[in-house]
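Below is one structure; the comments refer to it alone.
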Amino acid sequence: MANVLRHLPELEGMELGYVQGLMKGMSDDQASLFAQVYRAKRKDAQMILILTLIGFFGFAGLHRFILGQIGLGILYFLTVGLCFIGTIVDLVNYKSLAYEYNVRVANETINLLQMSFPEDNKSGETAS
């Protein structure tokens, strides 16, 4: 069983618990590979907060572009963050926006690793 904090010490809260569940049956090598790919793709909640604050001073919706929500990013940009109301809501919910994105990235990373190494059993069970 891989130690999540050894591979991804920057995780905290709900994200830590979720990734710990995903890494439960992984060997150290598998966990290390997962951590490298996941760390490269995940978004930090503080970065989302800073990008949301930038929406008040010029480029509304930048955080939505970074989170892969291109349509909402364009909408926020054209409507000045839906008249700042959407930006204020996102400012309050920046942690959940980052968490939802990171959960999606973690699932994509697990699927990528399973497709890359189909002979490895990620559940930790022995092959019959």
Side-chain angles (χ1 to χ4, degrees):
M1 182 171 164
N3 184 350
V4 177
L5 289 176
R6 196 179 100 213
H7 294 286
L8 294 162
E10 66 272 15
L11 299 185
E12 56 187 32
M14 293 188 325
E15 184 181 6
L16 175 65
Y18 186 79
V19 171
Q20 187 172 14
L22 290 177
M23 293 176 69
K24 189 174 186 179
M26 291 184 184
S27 68
D28 262 355
D29 292 336
Q30 293 168 336
S32 178
L33 183 58
F34 171 81
Q36 288 176 355
V37 174
Y38 180 65
R39 184 178 286 121
K41 292 182 177 183
R42 75 179 287 273
K43 303 294 183 211
D44 186 42
Q46 298 303 317
M47 183 184 70
I48 302 302
L49 174 64
I50 291 168
L51 293 173
T52 304
L53 288 171
I54 289 173
F56 288 112
F57 302 107
F59 194 76
L62 184 60
H63 62 289
R64 294 292 184 162
F65 284 107
I66 299 299
L67 294 173
Q69 300 171 344
I70 306 302
L72 275 176
I74 292 170
L75 180 66
Y76 273 46
F77 180 71
L78 295 176
T79 62
V80 189
L82 299 175
C83 297
F84 293 115
I85 295 171
T87 303
I88 293 169
V89 170
D90 287 351
L91 189 61
V92 172
N93 295 321
Y94 75 95
K95 284 187 178 182
S96 64
L97 290 171
Y99 173 73
E100 291 168 6
Y101 177 83
N102 290 336
V103 164
R104 189 171 62 240
V105 166
N107 288 329
E108 289 171 0
T109 304
I110 287 290
N111 290 336
L112 177 69
L113 292 177
Q114 287 176 347
M115 288 188 326
S116 298
F117 304 106
E119 70 278 355
D120 293 339
N121 190 350
K122 302 290 187 253
S123 65
E125 300 170 358
T126 57
S128 47

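Using modelled atom types and a 3.5 Å distance limit, the side chains of Y18 and N107 yield a donor-acceptor pair.
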Got a list of side-chain donor-acceptor pairs under 3.5 Å for residues 50-58, not counting sequence neighbours?
from, atom 1, to, atom 2, distance (Å)
T52, OG1, I48, O, 2.7

Scan the side chains in residues 83-92 for donor-acceptor partners under 3.5 Å anywhere in the protein, sequence neighbours excluded, and list what turns up.
from, atom 1, to, atom 2, distance (Å)
D90, OD1, R64, NH2, 2.8
D90, OD2, H63, NE2, 2.7
D90, OD2, R64, NE, 3.0
D90, OD2, R64, NH2, 3.0
D90, OD2, Y76, OH, 3.0

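When atom types are taken as modelled, the side chain of S32 and the backbone of D28 share no donor-acceptor pair closer than 3.5 angstrom.
Partners of R104 under the salt bridge (Lys or Arg N to Asp or Glu O under 4.0 Å) rule, at least two apart in sequence or in another chain, do not exist in this structure. Y38 meets the ring-ring contact (aromatic ring centres under 6.0 Å, His included) test with F34; sequence neighbours excluded. The side chain to side chain donor-acceptor pair (under 3.5 Å) search around D29 returns none, not counting sequence neighbours. Here R39 pairs with E10 under the side chain to side chain donor-acceptor pair (under 3.5 Å) rule; sequence neighbours left out.
Salt-bridge formation is detected for the pair E15/R42: a Lys NZ or Arg NE/NH1/NH2 atom is positioned less than 4.0 Å from an Asp or Glu carboxylate oxygen.
Hydrophobic clustering (side-chain heavy atoms under 4.5 Å, transitive across Ile, Leu, Val, Met, Phe, Trp, Tyr) keeps L82 apart from L62. Note: the hydrophobic cluster containing L16 also contains M47 (ILVMFWY, side chain heavy atoms under 4.5 Å, direct or indirect links). Residues V105 and L33 are members of one and the same hydrophobic cluster, defined by side-chain heavy-atom contacts under 4.5 angstrom among Ile, Leu, Val, Met, Phe, Trp and Tyr. Hydrophobic cluster membership differs between F77 and L72, with clusters built from Ile, Leu, Val, Met, Phe, Trp and Tyr side chains linked at under 4.5 angstrom. Following chains of ILVMFWY side-chain contacts shorter than 4.5 Å, one can reach L78 starting from V80, so the two form part of one hydrophobic cluster.
Side-chain contact between E108 and N111: absent, with no pair of heavy atoms (C-beta onward) separated by less than 4.5 Å. Side-chain contact between Q20 and L5 is absent, with no heavy-atom pair separated by less than 4.5 Å.
A45 and A98 get closest at one heavy-atom pair: CA-CB, 3.8 Å. Q30 approaches G25 most closely through the heavy-atom pair OE1-O, 4.3 Å. A pairwise comparison of heavy atoms in Y94 and Q46 identifies OH-NE2, 4.0 Å as the closest pair. Nearest approach of I110 to M26, heavy atoms of both residues: CD1-CE, 3.1 Å. When every heavy atom of K43 is checked against every heavy atom of Y101, the shortest pair comes out as CG-CE2, 3.2 Å.
Distance check, rounded to the nearest 0.5 Å: CG of L49 to CG of L97 gives 11.0 Å. Taken to the nearest 0.5 Å, the CG atom of L75 stands 13.0 Å off from the CD1 atom of I70. Residue E100 holds its CD atom at 8.5 Å from CE of M14, rounded to the nearest 0.5 Å. Rounding to the nearest 0.5 Å gives a distance of 11.5 Å between NZ of K24 and CG of L22.
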